[in-house]
Amino acid sequence: MNLPGTQDYLAALPEIVVATLACIVLLIDLWSNDRERLLTWLATQFTLLVGIVLIIVQLSTDVTYAFAGTYVKDILSDVLKLFIFIGAGVAFLYMREYLRIHNEMKGEYFTLGLFAVLGMMVLASASHMITLYLGLELLSLSLYALVAMRRDSAQSAEAAMKYFMLGAIASGMLLYGMSMIYGATGSLDLREVADAVAQARSDDLILIFGLVFIVAGIAFKLGAVPFHMWAPDVYQGAPTAVTLFLATVPKLAAFAMLMRLLVDGLGPLHDQWQGMLIILAVLSMAIGNLVAIAQENIRRMLAYSTISHVGFLLLGVLSGTDQGYAAALFYTVVYMIMGLGAFGVLVMLGRAGFEADRLSDIKGLNQRSPWLAGVMLVMMFSMAGVPPFLGFWAKFAVLQEVVAVGLVWLAVAAVVFSIIGAFYYLRIVKLIYFDEAEEQAPIRGSSPMRVMVSSNGLVVLLFGLFPAPLLGICIAVFTRIELVIG
Amino acid sequence: MLLAVLSGFILAFLAPWLTPRLGRAVGWLFGLLPAALFVWFASFIPVVASGETLLFSYPWVPGLDINLTFLLDGLSLLFALLISGIGTFIVIYAGYYLHGEAYQGRFYLLILAFMASMLGLVLSSNLVALFVFWELTSITSYLLIGYHHEEGKARASALQGLFVTVAGGLALLAGLVLLAVAGGSYELSELLTSGDVVREHALYLPLLLLILLGTFTKSAQFPFHFWLPNAMAAPTPVSAYLHSATMVKAGVYLMARLNPTLGGTETWLLLLGLIGATTMLIGSYMALRSTGVKQVLAYSTVMALGTLTMLIGVGTEKAITAAVAFLLAHSLYKGALFMIAGIIDHETGIKDFRELGGLRSAMPLTALFAGIAALSLAGIAPLFGFVAKELMFEAVLEAPAIGTVITLFAVASAMMVVAIAAVIGLRPWFGPRLPTKKTPHEAPPSLLAGPAVLATLGLLFGLLPMLPGQHLLSAAALAVAGEPIEVYLSLWHGFNLPLLLSATSLAVGLLLYWQWSRVQPALARLAAWDHLGPERGYEKVMASIVSISDSHTRLVQNGYLRYYILTIISTLLLLLAWTILTRYPVLPSPDLSGIAPHTFTILAITALAALYAVTTRSRLGAVAALGALGFGVALIYVLFSAADVGITQVLVETITVIMLVLVLFRLPGFLDFTLSGSRLRDGFIAVLFGGTITLILLMTTEVQFFPPISEYFIENSGPLGHGRNIVNVILVDFRAIDTLGEIFVLALAAIGVYAMLKLRAEDRKS
């Protein structure tokens with residue numbers, strides 16, 4: 001048996017460093033007396049920054065397998081991790097603002113967040129089912145704890161409880177599926193699984209059963225209908241600071257899981273899982289868009305909006321082509337950016353002891369703060385898929401790929417549901433611009449927060465006008481074109 | 001070319017900063033940009049009139065093969081000239097009209113961005129770029145309305161208009177993607193020549209319907225015309241004009257543009273012809289019924305849009321000539337009239353025709369230009385509107401298949417239009433002077449410039465119809481038809497049927513106007529029937545979506561964890577059952593002969609324990625039963641010679657039972673809330689799920705697995721691990737690091753427990 005060597009450690013250097021630094025942040029937080037937790041927060045952001053640097057230094061299109069094939073460093077994992085770091089960095093900034101406004105500053109928000117990031121990194125680099133499961137559980141456990149952070153709130157506790165219970169069931173299904181795949185292929189290594197699956201069609205039976213369980217598990221993590229029910233309750237029950245993190249960045253990890261398991265591992269079974277993903281996608285788009293309309297709570301509404309976006313993301317994956325995967329990755333990244341922006345605005349609207357998350361709270365926002373209203377407008381139009389904002393390109397890229405593989409009816413259905421979905425995004429625009437403000441309290445917010453929310457809006461607008469760079473990265477990941485950064 | 005389109009956006013983003021710094025001159029200075037664009041576009045007239053099509057391409061999104069390509073032919077040039085030309089006057093006009101308003105800067109931002117978007121829309125050759133500009137016009141023009149909205153009703157229905165256009169836009173997107181699939185390109189320049197391929201394609205009907213859904217909603221065609229009235233709530237007649245007369249033309253533009261690719265089929269003729277004619281009739285009826293200045297003008301625009309759609313649908317040479325002529329005529333007089341409406345509002349503060357009268361003496365020039373523009377609207381010689389209307393009558397008379405119907409519609413509509421024109425052109429200016437809120441004065445030059453030029457052009461083109469016809473309109477008609485058309489415009493066509501129809505409609509129209517004070521209220525009373533109209537349909541659809549959404553929330557997303565689990569299990573069950581049923585109709589028949597009878601006894605006890613656990617009403621009983629179940633499983637392990645696993649199971653089971661019992665003491669008393677119905681349902685699902693899993697297990701046992709890993713350990717534990725107890729060798733040798741990890745985790749957990757206990761003890765002390 002070979003012991004891991006330098007090559008292995010080098011390939012996993014970002015994970016190793018982030019894990020180490022996360023532990024150090026934990027210690028810093030333990031010994032720091034600062035009420036504002038500035039040091040903890042800075043150390044957290046520093047960790048992410050180190051991660052970004054490490055990724056960029058090692059960025060290449062080479063595929064390196066490490067630790068006896070349980071771990072892979074390829075361009076997909078690198079790019080995913082980069083986006084995870086960036087998304088998490090923005091999320092932590094919004095988080096800090098929220099905690100400051102509500103006087104709930106605790107270092108654990110950031111340390112748990114860092115461990116969640118670590119879990120996502122492991123997920124993104126998994127080339128073995130056990131590695132994948134390890135990353136998933138590290139991510140999930142951190143999230144469960146984050147949701148339950150507000151211990152005195154019955155709502156938060158209930159949300160965490162539901163999330164945990166359902167998450168445990170989903171993990172169980174995933175494991176059961178993995179064990180079946182193991183039974184059929186004799187391996188948990190995703191490369192070997194792929195080889196075995198491509199050759200052995202006789203063991204179809206167990207493979208398909210395993211596939212069903214695995215798809216169910218993934219669907220839960222993604223929040224696709226009908227495994228979505230935790231999402232609205234958790235989005236609403238958790239503190240907004242947690243919701244904004246949970247609703248955005250981990251979707252990248254879920255996408256990684258989808259790619260690693262279904263494409264890297266079970267790719268030869270594409271014909272089998274395509275049908276399942278179609279069902280999930282159509283249901284997600286239908287339920288997500290339809291039900292969002294009745295929500296009075298913006299966070300709940302955004303939960304359903306997420307569900308519908310997941311449906312779109314699945315469309316890209318189910319096309320089964322490299323361009324389709326690229327479109328799905330692009331969609332996920334774009335969704336993360338838009339989600340962060342929308343929640344960022346919500347954070348800014350709140351004040352101590354008051355979550356601004358009802359529809360009536362954003363009425364007449366244009367009168368209170370035209371700039372913030374503008375950012376929210378950009379986010380809503382973008383989520384509705386209206387050009388020239390970023391969300392349009394995401395929808396367009398996915399639709400194009402779905403049509404390209406001949407699923408025209410699916411593309412038309414997607415558009416129909418988007419039309420229904422446009423209604424509730426536009427309703428927010430209408431509330432902001434056409435209604436009288438009920439709240440008159442001035443909108444404050446620290447200057448880093450204002451800068452970040454504004455840049456978030458600008459990114460959606462500017463990348464909407466010039467989508468080529470972002471889209472180019474996503475396409476390069478799957479077409480293995482040499483990436484040029486800088 | 002790129003600069004021409006983008007310069008509007010650049011100036012737009014500078015506008016909020018520049019506006020306060022330029023003071024009164026702002027309108028004239030900003031007006032220089034569209035004026036320069038107008039001149040620049042005009043310089044293309046000779047080239048384009050010779051039938052050439054110019055293409056300009058710039059890379060944009062290479063990843064999706066999308067370039068920013070601009071196409072300049074007769075149609076886009078006509079639109080570009082209209083947009084930049086009328087845009088110039090609008091910008092100048094707004095400089096005076098909005099002077100001193102706090103939002104003037106933002107107004108300029110939006111209006112310039114809107115103008116640039118319109119330009120981009122009509123010039124784009126790439127469908128995606130076209131769509132981007134298309135939606136930009138929706139957004140900017142909606143934000144224009146967003147300012148200064150004092151009318152409550154308008155606020156309430158602002159969402160409706162936005163939703164209808166954005167929804168239509170998304171449908172259009174789908175249609176354009178399909179069109180690109182059918183035609184094999186995203187470039188209009190290529191699609192325009194591949195009409196035959198597209199029309200024969202299997203996707204023709206869906207893509208046509210989707211695209212028309214987009215254009216009909218944008219251009220306020222029946223049955224989507226209902227959203228347009230809300231646009232009249234716009235702060236100024238200027239933005240009302242932009243919204244209800246310019247933006248809506250985008251739909252007409254796209255239909256005209258795609259005519260060579262999609263047109264010429266029966267579906268095209270019927271859909272566009274009939275819907276256009278209906279819209280035309282409804283528009284003029286609604287205009288005659290209304291009294292608000294902006295309402296009347298906007299509804300008469302609906303009439304014009306309907307007319308254009310109808311003519312494009314008819315698609316004969318005459319019809320296309322009529323369409324481009326009508327488009328030009330309408331843009332000229334409607335621009336003038338909207339600006340005059342603004343002048344009336346600005347000078348008198350009155351927005352209703354019933355309260356206006358006798359303003360001729362106070363504002364003679366305005367009255368003059370209003371009169372000229374209204375004559376053109378009515379289609380009276382020698383105005384250009386007359387030329388266009390004659391052509392329209394000729395076209396509908398010759399129209400294939402639906403000629404009779406649309407001629408009737410056209411004549412009826414023309415009668416009402418004459419009356420409307422009279423209401424606009426005569427009523428505010430003649431008759432007794434009615435009291436006004438402000439003392440009216442003649443409008444200043446910046447307000448009057450637009451109406452003066454546009455109305456005069458209407459007259460000039462009427463007298464010399466070949467002036468626009470020879471170059472511009474013939475090139476535009478060529479672009480719409482996709483093949484050369486002989487455009488011959490003249491004022492006098494001789495005594496013929498169209499002239500007779502014109503004369504009849506003029507006479508009836510004047511009669512209608514004479515009795516306007518009676519006709520209008522009578523028609524207004526018909527408003528009671530509006531609830532049968534499409535707006536009601538929209539509301540019903542929306543209401544039903546909301547109620548579906550509501551009931552879903554109540555039924556499924558009800559907050560009860562057990563229902564969530566139920567849903568997840570049921571879905572999984574469905575997927576599994578579906579797999580089994582569709583693939584493996586033969587159920588497994590496992591061989592049970594090798595299993596000893598006492599094993600069955602243990603199994604039976606285990607099953608009974610499980611049954612008791614779910615049926616009992618005592619918590620303690622349930623826990624005990626679960627314990628029994630666990631021990632049963634442990635026994636089975638032992639029986640199949642896995643003693644160590646069995647011991648582990650016994651230990652875990654014991655600890656679990658003890659812990660559960662301890663926890664139970666802290667819970668409130670057991671109350672049974674479940675109904676027998678739901679218990680039955682849960683039981684059913686549980687049995688089904690358990691059964692399916694059993695079935696899967698039975699199926700998997702039939703499959704030949706890979707050689708078990710235990711062989712390796714059995715062979716090697718002696719030679720490699722130097723031990724005979726294989727389990728021990730595995731734990732301390734083969735998997736030594738795993739064991740170390742486990743010990744580490746246990747130690748960590750123990751420290752955690754200790755810390756918690758200590759904390760608790762300290763809590764008690766303090």
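For clarity, every value in this text was computed on a predicted model and none was experimentally measured. Per chain, numbering begins at 1; letters A, B, ... match sequence-line order.
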Nearest-0.5 Å distance, CZ of residue Phe478(A) to CZ of residue Phe330(A): 13.5 Å
Does NZ or CZ of Arg427(A) fall inside the cone over Tyr424(A)'s six-membered ring, less than 6.0 Å from its centre and within 45° of the axis? no
Give, as side chain, backbone, both or neither, the part of Val181(B) having an atom under 4.5 angstrom from any heavy atom of chain A. side chain
Applying a strict 4.5 Å limit to non-hydrogen atoms, the region of Ala414(A) in contact with chain B is neither
Can you tell which part of Tyr425(A) gets under 4.5 Å to a heavy atom of chain B, answering side chain, backbone, both or neither? neither
Under the rule for salt bridge (Lys or Arg N to Asp or Glu O under 4.0 Å), what residues qualify as partners of Lys363(A), not counting sequence neighbours? Glu438(A)
Ile737(B) atom CD1, over 12 foreign heavy atoms within 6.0 Å: no
Which region of Phe133(B), side chain (C-beta onward) or backbone (N, CA, C, O), has a non-hydrogen atom less than 4.5 Å from a non-hydrogen atom of chain A, or is it both or neither? neither
What part of Leu426(A) is in contact with chain B, defined as an atom under 4.5 angstrom from a non-hydrogen atom: side chain, backbone, both or neither? both
Structural part of Leu431(A) lying under 4.5 Å from a heavy atom of chain B: neither
Pairs of heavy atoms under 4.5 Å with chain B: top-ranked of Gly464(A), Ala468(A), Pro387(A): Pro387(A)
Going by the angle between their ring planes, with limits at 30° and 60°, are Trp230(A) and Tyr235(A) parallel, tilted or perpendicular? perpendicular
Please output the side-chain donor-acceptor pairs of residues 394-402 of chain A that fall under 3.5 Å, not counting sequence neighbours, one pair per line with the distance.
residue   : atom : partner   : partner atom : Å
Lys395(A) : NZ   : Tyr331(A) : OH           : 3.4
Lys395(A) : NZ   : Met383(A) : O            : 3.1
Gln400(A) : NE2  : Tyr186(B) : OH           : 3.3

Among Ile693(B), Ile568(B), Thr692(B), which residue satisfies the side chain to side chain contact (heavy atoms under 4.5 Å, CB included) criterion with Leu573(B)? Thr692(B)
Under 4.5 Å to a heavy atom of chain B? For Glu158(A) that would be side chain
Option in Ile545(B), Leu576(B), Leu136(B), Asp550(B) with maximal non-hydrogen atom pairs under 4.5 Å from chain A: Leu576(B)
For the candidates Pro206(B), Ala171(B), Ser547(B), Gly175(B), which exhibits the highest count of non-hydrogen atom pairs separated by less than 4.5 Å from chain A? Ala171(B)
For Val429(A), is it the side chain, the backbone, both or neither that has a heavy atom under 4.5 Å from a heavy atom of chain B? side chain
May I ask you to test the Leu566(B)-Tyr560(B) pair for a side-chain heavy-atom distance under 4.5 Å? no
Residue selection (most heavy-atom pairs with chain B, distance under 4.5 Å) from Leu377(A), Leu290(A), Val416(A): Leu290(A)
Counting only non-hydrogen atoms closer than 4.5 Å, does Val412(A) touch chain B with its backbone (N, CA, C, O), its side chain (CB onward), both, or neither? side chain
Between Ala373(A) and Ile432(A), the two heavy atoms sitting closest are CB-CG2, 3.4 Å
Option in Ala167(B), Pro59(B), Ser570(B) with maximal non-hydrogen atom pairs under 4.5 Å from chain A: Ala167(B)
Heavy-atom cut-off 4.5 Å, strictly under: side chain, backbone, both or neither for Leu471(A) against chain B? side chain
Measure Phe392(A) against the heavy atoms of chain B and call it side chain, backbone, both or neither at under 4.5 Å. side chain
Heavy atoms of other groups near Phe9(B) CZ, more than 12 under 6.0 Å: yes
Contact class of Ile565(B) relative to chain A, heavy atoms under 4.5 angstrom: both
At a heavy-atom separation under 4.5 Å, does Ala411(A) approach chain B through its side chain, its backbone, both, or neither? neither
Chain B: which of Gly421(A), Ala292(A), Pro388(A), Ala404(A) shares the most heavy-atom pairs with it under 4.5 Å? Pro388(A)
Just so I understand: if I count every heavy-atom pair under 4.5 Å between each of Ile420(A), Ile419(A), Ile287(A) and chain B, which residue has the most? Ile419(A)
dist Trp393(A):CH2 -> Phe466(A):CZ (nearest 0.5 Å) comes out at 11.0 Å
Evaluate the side-chain proximity of Leu561(B) to Met161(A): yes if any heavy-atom separation is below 4.5 Å, no if none is. no
Can you tell me how far the CD1 atom of Ile208(A) sits from the CD atom of Gln272(A), to the nearest 0.5 Å? 3.5 Å
If you count heavy-atom pairs under 4.5 Å with chain B, which of Ala216(A), Pro467(A), Ala326(A) comes out on top? Pro467(A)
